[in-house]
Visitor: 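Please read through the structure below; I'll follow up with questions.
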Amino acid sequence: MAMREGSGRFGLWPVSVAWDGVCIHRVWFGRSGGRDPIPQEITEFLAGRRTDLSLFSSPAEEADGVSARIYRIVREIPYGETRTYGEIGASAGTHARVVGGALARNPTPIIIPCHRVVGKREIGGFTPDTAIKKELLDLEARTRRKGSLNSRKS
DNA sequence: CAGTGTTCAGGAT
DNA sequence: ATCCTGAACACTG
């Protein structure tokens, strides 16, 4: 199977994906991915019509080392929930700042939901724009509320 | 080795 | 609320 590249959109931001079958090599915010479409499941996710992207794999989480361990832990954060850098660090047996460093180099945002990792006091950062992080969290909050009419808490 | 990062807690103002 | 400090540490060049 050959590597393909395509572009889609998340609100105001162009999103590009480089992938090969279910293996997502890279996801970035920008339109250098060309004019071909991206995988339909990702398009649906970005539109709030899908909450699960676990069918895809990312090479980054299969490697050895602390960063890969962090990526695997981050992928287990349920849709619509968040964890702090400190919590992820404790789970991975390392320090919060290392989590920040690993997520800053995350080659596949969205697939590895680094936007669900926030600071204890601040929302934390996001490349290229924290507004995207806020928007993603907002999308997940809205989508989850819409989809679970029986789990409202007063 | 030096520099860099999406942190955290504590203290001063 | 904002600013500064020191600690902790994987990864890159």
Side-chain angles (χ1 to χ4, degrees), chain A residues 3 5-20 22-34 38-39 41-148:
Chain A
M3 174 94 100
E5 278 190 15
S7 300
R9 183 159 277 283
F10 172 60
L12 298 172
W13 298 281
V15 180
S16 295
V17 181
W19 79 102
D20 182 353
V22 297
C23 179
I24 307 294
H25 288 264
R26 209 154 87 77
V27 176
W28 68 100
F29 291 89
R31 57 164 10 107
S32 47
I38 60 179
E41 290 86 351
I42 297 178
T43 301
E44 291 171 354
F45 181 93
L46 294 175
R49 299 199 306 274
R50 164 181 284 269
T51 61
D52 177 33
L53 292 176
S54 62
L55 78 157
F56 293 117
S57 65
S58 169
E61 60 184 341
E62 286 154 18
D64 289 326
V66 173
S67 294
R69 192 157 71 242
I70 290 169
Y71 294 150
R72 288 193 290 272
I73 292 169
V74 169
R75 272 204 91 166
E76 288 169 10
I77 304 173
Y79 186 92
E81 293 187 24
T82 61
R83 298 287 185 273
T84 65
Y85 294 98
E87 286 169 346
I88 301 296
S91 301
T94 185
H95 189 271
R97 195 166 182 179
V98 176
V99 177
L103 296 185
R105 295 187 303 273
N106 175 12
T108 54
I110 312 295
I111 306 303
I112 294 171
C114 55
H115 58 279
R116 294 181 198 147
V117 184
V118 299
K120 191 173 188 181
R121 326 180 142 202
E122 298 287 326
I123 188 173
F126 195 84
T127 304
D129 191 338
T130 57
I132 299 174
K133 186 173 188 173
K134 289 181 196 156
E135 199 58 44
L136 283 166
L137 291 172
D138 198 50
L139 168 76
E140 297 196 356
R142 275 186 282 114
T143 301
R144 193 167 69 151
R145 198 172 328 127
K146 207 171 11 175
S148 57

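Atom set for the values below is all heavy atoms of this structure, side chains included, hydrogens, waters and symmetry mates excluded.
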Visitor: Polar atom pairs between nucleotides 3-7 of chain B and protein, under 3.5 Å, N or O only, would you list them?
Guide:
unit_1 : atom_1 : unit_2 : atom_2 : d
B:dG5  : N7     : A:R97  : NH2    : 2.4
B:dG5  : O6     : A:R97  : NH2    : 3.4
B:dT6  : O4'    : A:G125 : N      : 3.0
B:dT6  : N1     : A:G125 : O      : 3.3
B:dT6  : O2     : A:Y85  : OH     : 2.1
B:dT6  : O4     : A:L103 : O      : 3.0

Visitor: For the P atoms, the ones on C:dA7 and on B:dT6, what distance do you get once it is rounded to whole angstrom?
Guide: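 To the nearest whole Å, 22 Å.
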
Visitor: Side chains of A:I42 and A:I111: closer than 4.5 Å at any heavy-atom pair?
Guide: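 Yes, side chains in contact.
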
Visitor: Applying the Watson-Crick and G-U wobble criteria at under 3.5 Å, what pairs with B:dT6? Answer none if nothing qualifies.
Guide: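 Per the H-bond distance test, none.
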
Visitor: Nearest-Å distance, CD1 (A:I70) to C1' (C:dC9)?
Guide: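 Going from CD1 in A:I70 over to C1' in C:dC9 covers 10 Å.
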
Visitor: Taking all heavy atoms of A:T127 and all of A:F29, pick out the closest pair and write down the distance.
Guide: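 Distance-wise, the nearest heavy atoms are O-CD1, 4.4 Å.
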
Visitor: Tell me which nucleotide among C:dC9, C:dC11, B:dA9 gets nearest to the side chain of A:R121.
Guide: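 So the nucleotide nearest the side chain must be B:dA9.
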
Visitor: So does A:I77 get a backbone contact from the side chain of A:R116, meaning a donor-acceptor N/O pair under 3.5 Å?
Guide: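 It does hold such a pair.
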
Visitor: For residues A:K133 and A:I123, report the shortest heavy-atom separation together with the two atoms involved.
Guide: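 So the two residues come closest at NZ-O, 3.0 Å.
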
Visitor: Among A:T82, A:V74, A:L136, which one satisfies side-chain contact (heavy atoms from CB on, under 4.5 Å) with A:P113?
Guide: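 When A:T82, A:V74, A:L136 are each tested with A:P113, the side-chain contact (heavy atoms from CB on, under 4.5 Å) holds only for A:V74.
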
Visitor: Check whether any side-chain N or O of A:Y71 sits under 3.5 Å from a backbone N or O of A:A102 as a donor-acceptor pair, and report yes or no.
Guide: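 Confirmed, A:Y71 side chain pairs with A:A102 backbone.
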
Visitor: Partner lookup for C:dA8, please. Criteria are Watson-Crick or G-U wobble with both distances under 3.5 angstrom; report none if nothing qualifies.
Guide: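 Looking at the geometry, C:dA8 pairs with no nucleotide.
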
